[in-house]
Amino acid sequence: MIETTTPPRRFARVLACALACGLVAALVPLRAGTAADARELRPTLRVRPVLCIAEREAKPCETLFRIDWKSARPGDFCLGSDRQAAPLRCWSAASAGEHDDVTIVTRDFEYWLAAPNDSRRLTAVRVELLYLRSEDRRRQRRSRHVWDVL
Amino acid sequence: MKTLPNLLSLLVLCAGSAEANAESAWRLGLALGAGERTNPLIESKRLPIAVDVDVAWFGERFFFDNGDLGFTVLDRPSGTLNLVARVNSDRVFFGRTNTKFVNVSVTGASLPAPVELRVPERSWAIEVGAEWLADGDWGALALAAHRDASGTHGGHSADAEYSYTFRGRRWSLEPGISAHYKSAALGDYYWGVRPGEASTALPPYTAGAGVNWEASLRASWYLSRHWRLAASAHYERLNAAVADSPLTKDRAVKSWFAGIAWRY
C-alpha cells in the first residue's frame, strides 16, 4: 500500500510546487505590469480646496478636502498623503474615484496617486497653508503712507 | 510682459529662501490694478493708484515698514509697544498741484481782475512717537501718538484704529474704523494760509485742532499663499478746521483700489 500511494503523493507535491512557482512567476510580472500600466495611464488628480486659511498659527486649520481622480483606462491606484505613511484609500481596476479627507493642516503637504506598493507618485496636488495674521504683531501695522491701500 | 515675473523673482531672491511655512524677516509685496485717492487740496489732481508696493523688514527689535522705522520696546501676550519714526502723510496732497489765474475767489466772491491762485509750498515732516498694538479674537487695535521731530510743523498727532477680520475658505473681509487727532500746530502748518501766502483769491486762515474719522474695508480672495485678488475702499472725513480751510475743496478723502496682489 505504501509503495502504491507514495508516487501519487510525491507527484501531488511536485505539482503543487510547480503550480505555486508558476503562480508566483505569473503574478510578479502581473504586479510589475500593473504599476507600469498605472504610470502610463497618467491619471489626473483634483483636490478642493488647495489652500487652507487659518486666522493665525495658534489656530488650527481644519478642512474637509474633496479629492477626485480620473484615468483614461481602468487601473489599480492608491491615494496617499504626505501626512501619513499608509494610503488613504486604494482602488482596483477603477478609472475614477472620490474621497473626502478631513484633516488639520499644520504645514504644506501633497495628496498624490501611486500604483499599489509603488512609491513613485503618478500625480500630486499641493495643499498650501496660509495664516492671515502673523504671530508678530508688527506685521499687522497699517502703514500710514498714502499709497498703501491694501 | 516678462518684467513682472523677473521682478518677483528678484524680490524673492532678496527675501532669501525661507522654508515653506517659516516666516521670513522680509515682507515684500506688489499689487497691480486700478484705483485712486481724491485730493482735498484746491487746484490739485486726484492721486492715481496703479501700483502698491510693500517693503518691510522685521528684526528682533528693529523694523522697517514702508518708510516707518521702529524699535520694539515690549512684546507681551497683551500687546506690543514700539517706538516709531515716520513721515507725516499730509504733505503728500501738496505734490500734484496747479497754479492758475482765477477771477473768483475761493469764497465765491467775484474779483475785479484775474489773480494768480497758487497753492502754498509745504514740507515733509519727520515725526517720532510710540504705538501700542494689541489683537485677539475680538479684532486688532492700534493706538499711536507722534510728535514732530524735524521742526516742520511743531505739532503732534494721535491715532486709534480698530479692525476685525471675517474669513471664509478662500476670502477675508476686514472692516475697520479709525480716528486721527491732529493738533492745531500740525493742522495750521498744512492747511492754514499765512498772511504772506494770502491774496485776494486766497484769504488768510488759521486752522485749529481736530479729529479725522476714517472707515475702511479691505477684501481679499486668495488664489494661493502668495497671490490674491484684493480690493479696498477708504473714506476719511476731514475735521472741521481742515475742511473749512480755503485750501481745501472737499470735506473728505476717498480712495479705492482693486487689483491682483503678490506677497512673499
Side-chain angles (χ1 to χ4, degrees), chain A residues 45-68 81-84 100-112 121 123-150, chain B residues 20-21 23 27 29 31 35 37 47 49 51-54 56 58 63 65-68 70 72 75 79-80 82 84 86-89 92-93 131 133-135 137 140 142 159 161 163 165 167-172 176 178 216 218 220 222-226 230 232-234 255-257 259 261:
Chain A
L45 178 65
R46 188 170 62 157
V47 178
R48 288 167 296 169
V50 290
L51 189 64
C52 198
I53 300 177
E55 179 71 22
R56 55 175 61 242
E57 201 170 340
K59 302 252 180 176
C61 190
E62 183 173 4
T63 302
L64 165 66
F65 292 98
R66 296 193 179 279
I67 305 152
D68 60 77
S81 154
D82 289 339
R83 300 177 50 77
Q84 64 180 69
D100 288 349
D101 186 32
V102 178
T103 188
I104 296 175
V105 182
T106 55
R107 57 173 300 136
D108 293 2
F109 71 100
E110 285 186 348
Y111 284 110
W112 39 265
R121 298 177 183 189
T123 181
V125 173
R126 187 168 188 80
V127 174
E128 291 184 323
L129 173 62
L130 170 69
Y131 295 118
L132 286 184
R133 287 187 177 277
S134 166
E135 296 301 311
D136 185 349
R137 285 192 192 91
R138 300 175 300 176
R139 292 172 187 262
Q140 265 66 255
R141 296 178 77 247
R142 286 298 174 202
S143 300
R144 303 302 313 154
H145 73 85
V146 74
W147 308 113
D148 182 38
V149 288
L150 297 175
Chain B
N21 293 324
E23 205 164 40
R27 187 188 66 208
R37 174 165 292 200
L47 308 168
I49 305 172
V51 179
D52 186 348
V53 178
D54 179 14
F58 299 94
F63 64 89
D65 185 3
N66 291 289
D68 293 1
T72 303
D75 187 20
T80 302
N82 300 320
V84 174
R86 70 178 190 184
V87 176
N88 181 280
S89 61
V92 78
F93 295 119
E131 66 179 14
L133 309 174
D135 58 9
D137 292 337
D159 306 284
E161 303 174 35
S163 64
T165 304
R167 69 175 178 88
R169 288 178 67 162
R170 299 292 293 271
W171 57 267
S172 69
S178 53
S216 63
R218 297 177 175 88
S220 294
Y222 294 91
L223 304 170
S224 70
R225 182 195 292 131
H226 299 299
S232 70
H234 297 250
S255 64
W256 63 272
F257 179 83

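Chain letters run A, B, ... following the sequence lines, proteins first, then strands; residues in each count from 1.
Here CZ of Arg141(A) is found 6.5 Å from CG of Asn82(B). Values are rounded to the nearest 0.5 Å.
For Ala134(B), the part lying under 4.5 angstrom from a heavy atom of chain A is the backbone only. The parts of Leu51(A) that come within reach of chain B are both its backbone and its side chain, each placing non-hydrogen atoms under 4.5 angstrom from that chain.
Side chains of Thr63(A) and Arg169(B): a donor-acceptor N/O pair is absent below 3.5 angstrom, by distance only. Thr80(B) and Arg138(A) share no donor-acceptor pair across their side chains, judged by distance under 3.5 Å alone.
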Practice prompt. May I have the step-by-step check of side-chain contact (heavy atoms from CB on, under 4.5 Å) for Phe63(B) and Asp136(A), ending in yes or no?
Written response: CA-CA 11 Å; Phe63(B) 64 89; Asp136(A) 185 349; over 6 Å; no

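A donor-acceptor contact shorter than 3.5 Å links the side chain of Glu128(A) to the backbone of Arg225(B). Between the side chain of Arg27(B) and the backbone N or O of Arg139(A), at least one donor-acceptor pair lies under 3.5 Å.
With chain A as the partner, the residue from Ser172(B), Gly176(B), Gly168(B), Ser224(B) showing the most heavy-atom pairs under 4.5 Å is Ser224(B).
Exactly one of Arg133(A), Gln140(A), Arg137(A) qualifies for a side-chain hydrogen bond (donor to acceptor under 3.5 Å, both in side chains) with Asp135(B). That residue is Arg137(A).
Look at Arg56(A) and Asp137(B) and you find no salt bridge, because none of the NZ, NE, NH1 or NH2 atoms lies under 4.0 Å from a carboxylate O.
The nearest pair of heavy atoms linking Trp171(B) to Ile53(A) is N-CD1, 4.2 Å.
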